[in-house]
Amino acid sequence: MTTSGIRVRFAPSPTGFLHLGGARTALFNYLFARHHKGTFVLRVEDTDQERSTGDSIQAIFDGLKWLSIDWDEGPFFQSKRLDLYRNAADRLLSEGKAYRCFCTPEELEERRKEAFAKGIPPRYDGRCRDRSHFPDIPHVLRFRTPDIPEIVVRDLIRGDMRFNGNLLDDWVIIRSDGYPTYNFAVVIDDLDMGISHVLRGDDHINNTPRQITLFEALGAPLPKFAHIPMIHGPDRAKLSKRHGATSVMAYHEMGYLPHALVNYIARLGWSHKDQEIFSRQELIDYFDLDHVGSSPAVFNPEKLLWLNAQYIRNEDPSTLSSELLPFLKPVRHPFSPGPDTKEPNLDRIVEEWKTRVRTLTELAEAVHPFRDQEFSYSSDAMEKHLIPDNKPLILLYSQRFSAISSWTRENLEEVLGSIGLECNLKLGKLAQPLRAALTGQNVSPGIYDVLLLLGRDEVLRRLDRALTFIGQHK
RNA sequence: GGUCCCAUCGUCUAGUGGCCCAGGACGCUGGCCUCUCACGCCGGAAACACGGGUUCGAAACCCGUUGGGACCA
């Protein structure tokens with residue numbers, strides 16, 4: 001698998017479902033790895049005991065699986081690698097690059113308030129740096145931040161970002177409970193896993209200077225960094241729960257196709273000339289960091305819907321049918337189309353509907369009257385077409401359809417044609433009442449397709465039902 | 001408040017100093033096709049945040065302003 005030295009990772013914290021932003025970060029890492037024939041590592045950053053849950057871990061796996069974003073190594077769990085962080089910290093301690101700090105949270109909070117009152121940025125003052133007495137009480141380990149005036153983050157997407165090194169304080173690397181802090185565990189893991197490129201959300205930009213000083217203190221080469229801009233909601237704030245559906249799996253439930261979502265999030269922040277629709281292979285072939293933009297993108301549900309519709313109508317009917325299965329409503333009153341027609345074939349129904357829907361949920365809704373005898377008449381259909389004036393026409397249909405020798409498109413066209421001539425009606429006037437009687441709607445696939453899909457027996461039954469209905473409601 | 005980032009149609013974006021009085025896509029909209037609705041096809045409205053530079057030439061480079069965002073507290 002690995003033929004290049006490129007190694008990337010997706011490192012989610014399991015504190016919720018996989019949201020769109022996380023999915024995109026995962027996707028970009030995946031695409032980058034596949035494009036360069038590198039290795040994609042999955043690492044679960046579950047050192048926050050309070051907020052990490054098993055359900056979240058499962059939700060993240062489910063989301064990645066649904067989107068077919070597969071990884072090469074892992075999943076690794078930080079909670080199972082505590083020794084690694086401990087050892088690294090001990091090494092720093094013995095080298096004098098870290099030290100024990102006995103300041104209590106209360107003391108720190110007080111000093112923070114004082115600093116705030118004086119209007120200076122609160123930062124640890126380093127008072128435990130050189131202490132020689134180590135009482136046997138709980139303490140944290142702090143990193144002895146080197147005195148560097150400026151730290152430059154070389155970012156593959158944004159270029160150089162300069163930070164004032166004097167603003168970094170001696171941050172905690174191991175908490176008093178023995179757990180590593182976020183920034184510490186990340187660096188130790190990226191190093192241990194040989195990560196060559198760190199592609200992550202740009203909400204981590206401000207963590208990078210600290211991480212760089214740690215890499216350097218460890219004598220380790222720096223990975224290359226690439227910070228991907230956030231995905232925003234319509235209010236231009238970071239996408240979150242209050243923006244509605246942000247869980248990847250929620251899109252599954254709403255009837256989106258996984259590749260449509262992948263295609264959509266790929267194009268959010270990345271582009272390849274004017275192309276909008278990409279196969280998985282094209283995504284892999286074309287993906288590059290040079291064309292990842294640097295400004296945040298606003299999530300647009302309309303465009304996702306359009307893409308989903310594209311994928312639905314380009315999918316072959318049998319694949320689509322099987323994807324549709326979980327969305328189908330139970331059929332309570334099945335019907336047999338009659339001797340001239342095969343069983344109502346889901347593939348054929350889907351074929352006729354797929355250019356008219358945008359989600360699998362809509363498709364399931366549309367398909368139902370073609371599988372179940374029970375359906376209701378829409379108010380439009382009742383007002384415009386299921387009216388006494390049309391009773392003779394519907395009766396005529398019933399008679400002529402009964403008389404057809406075989407139920408073929410040609411014969412049906414002939415029936416409608418001849419009725420049109422007899423009654424001096426154009427196809428428009430002929431088809432609508434028939435459509436309303438057969439489907440209960442003013443909108444459906446082509447009238448001949450509807451007739452063929454339902455079959456003679458069911459068509460005659462529905463015509464009878466319409467006649468009865470009109471009789472009762474004149 | 002501090003640090004950092006960002007800025008092309010409503011939205012996603014193309015654009016890497018002349019090909020741009022700015023191209024594509026979604027959405028909106030006029031029309032064609034047509035048995036309805038879609039699909040498809042043809043057209044339209046719609047943007048370089050502002051102000052200074054640099055340059056023969058700036059959407060692109062630099063500075064400032066404004067606006068937005070993220071992180072930390």
Side-chain angles (χ1 to χ4, degrees), chain A residues 21 108-109 112-113 115-124 151 153 155 157-169 171 182-183 201-210 227-239 263-277 290-310 312-314 352-358 362 366 378 380-381 384-385 412-413 416-417 420 425-436 438-439 441-451:
Chain A
L108 292 169
E109 182 54 33
R112 211 186 320 256
K113 278 180 187 155
F116 200 73
K118 288 181 195 160
I120 51 176
R123 46 195 291 268
Y124 182 66
I151 298 156
V153 178
D155 191 282
I157 292 173
R158 283 146 216 274
D160 290 355
M161 295 179 280
R162 297 168 186 285
F163 292 78
N164 184 344
N166 296 319
L167 262 24
L168 292 186
D169 63 359
W171 46 287
Y182 171 77
N183 279 317
D202 73 6
D203 46 345
H204 290 293
I205 284 180
N206 287 297
N207 286 323
T208 313
R210 281 167 200 270
H227 288 95
I228 303 162
M230 303 272 85
I231 298 176
H232 284 179
D235 61 353
R236 301 201 163 271
K238 190 175 169 179
L239 208 55
N263 195 145
Y264 179 73
I265 60 182
R267 275 289 282 101
L268 226 42
W270 173 79
S271 62
H272 181 72
K273 309 207 175 106
D274 285 339
Q275 192 168 339
E276 296 286 348
I277 297 180
D290 289 347
H291 292 87
V292 175
S294 46
S295 54
V298 174
F299 176 75
N300 183 339
E302 289 290 332
K303 188 154 183 177
L304 172 58
L305 213 43
W306 171 77
L307 257 177
N308 204 53
Q310 294 292 318
I312 285 181
R313 64 170 160 273
N314 291 328
E352 297 306 331
W353 274 108
K354 67 178 191 169
T355 60
R356 287 164 236 260
V357 298
R358 296 180 297 181
E362 284 177 19
S378 75
D380 279 357
K384 286 191 185 153
H385 302 297
L412 291 167
E413 282 175 1
L416 263 70
L425 288 174
K426 289 197 172 177
L427 196 45
K429 298 280 183 192
L430 279 174
Q432 281 305 82
L434 183 55
R435 189 188 317 279
L438 295 179
T439 68
Q441 306 290 323
N442 287 352
V443 168
S444 83
I447 196 66
Y448 299 113
D449 296 308
V450 171
L451 288 163

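Throughout, a chain's letter reflects where its sequence line sits, starting with A, and its residues are numbered from 1. Only heavy atoms go into these numbers, but all of them, side chains included; no hydrogens, no water, no symmetry mates.
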Colleague: Considering only heavy atoms and no angle criterion, is a donor-acceptor pair shorter than 3.5 Å present between the side chain of Arg356(A) and the base of C37(B)?
Modeller: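 Present.
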
Colleague: With both distances under 3.5 Å as the test, what is the Watson-Crick or G-U wobble partner of C28(B)?
Modeller: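 Its partner is G44(B).
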
Colleague: What is the base-pairing partner of C39(B), counting Watson-Crick and G-U wobble geometry with both distances under 3.5 Å?
Modeller: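 Result: none.
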
Colleague: May I have the distance from Lys384(A) (atom NZ) to C35(B) (atom P), rounded to whole angstrom?
Modeller: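 After rounding, the reported distance stands at 18 Å.
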
Colleague: How far does the P atom of U8(B) sit from the matching atom of G68(B), given to the nearest Å?
Modeller: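 Looking at atom P only, U8(B) and G68(B) are 15 Å apart.
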
Colleague: Rounded to whole angstrom, note down the P distance from C56(B) over to A46(B).
Modeller: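 Taking atom P in both C56(B) and A46(B), they lie 34 Å apart.
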
Colleague: Using purine N1 to pyrimidine N3 plus N6-O4 or O6-N4 for Watson-Crick, or N1-O2 and O6-N3 for G-U wobble, each under 3.5 Å, what pairs with C71(B)?
Modeller: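 Its partner is G2(B) (Watson-Crick or G-U wobble, both distances under 3.5 Å).
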
Colleague: Applying the Watson-Crick and G-U wobble criteria at under 3.5 Å, what pairs with G51(B)? Answer none if nothing qualifies.
Modeller: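 Here G51(B) is engaged in a pair, and the nucleotide opposite it is C63(B).
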
Colleague: Taking atom C1' in both G53(B) and A60(B), what distance in whole Å separates the two?
Modeller: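 Looking at atom C1' only, G53(B) and A60(B) are 15 Å apart.
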
Colleague: Roughly how many Å is it from CG in Asn207(A) to P in C4(B), rounded to a whole number?
Modeller: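 In whole Å, C4(B) P and Asn207(A) CG are 15 Å from each other.
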
Colleague: Using the P atom on both, measure A22(B) against C9(B) and round to a whole Å.
Modeller: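 About 14 Å, rounded to a whole number of Å.
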
Colleague: Where the side chain of Arg267(A) meets the backbone of Gln275(A), is there a donor-acceptor pair that is under 3.5 Å apart?
Modeller: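 Looks like yes, one N/O pair under 3.5 Å.
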
Colleague: Between G27(B) and A70(B), how far apart are the two C1' atoms, rounded to whole Å?
Modeller: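 Going atom to atom, C1' in each nucleotide, I get 29 Å.
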
Colleague: Is there a donor N/O on one and an acceptor N/O on the other, under 3.5 Å, for the side chain of Lys273(A) and the base of A14(B)?
Modeller: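 A donor-acceptor contact between them is absent.
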
Colleague: Would you say the side-chain atoms of Asn263(A) pair up with the backbone N or O of Glu276(A), donor to acceptor, closer than 3.5 Å?
Modeller: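 Yes; judged by distance alone, with no hydrogens or angles, the pair exists.
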
Colleague: What nucleotide among A7(B), C39(B), G24(B) has an atom nearest to a side-chain atom of Thr355(A)?
Modeller: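 Nearest nucleotide to the side chain: C39(B).
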
Colleague: By nearest nucleotide on RNA chain B, pick out whichever of Leu427(A) and Arg358(A) is the more 5' one.
Modeller: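 Mapping each residue to its closest nucleotide by heavy atoms, the 5'-most match is Arg358(A).
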
Colleague: Give none if G18(B) has no partner; otherwise give the nucleotide forming a Watson-Crick or G-U wobble pair with it, both distances under 3.5 Å.
Modeller: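 When the pairing criteria are applied, C56(B) turns out to be the nucleotide that pairs with G18(B).
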
Colleague: Can you tell me, in whole Å, how much space there is between the P of C12(B) and that of G69(B)?
Modeller: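 Nearest-Å result for C12(B) against G69(B) at atom P: 14 Å.
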
Colleague: So for Gln275(A) and G24(B), does any side-chain atom that can act as donor or acceptor lie under 3.5 Å from a complementary atom in the base?
Modeller: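 It does not, because no donor-acceptor pair links the side chain of Gln275(A) to the base of G24(B) below 3.5 Å.
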
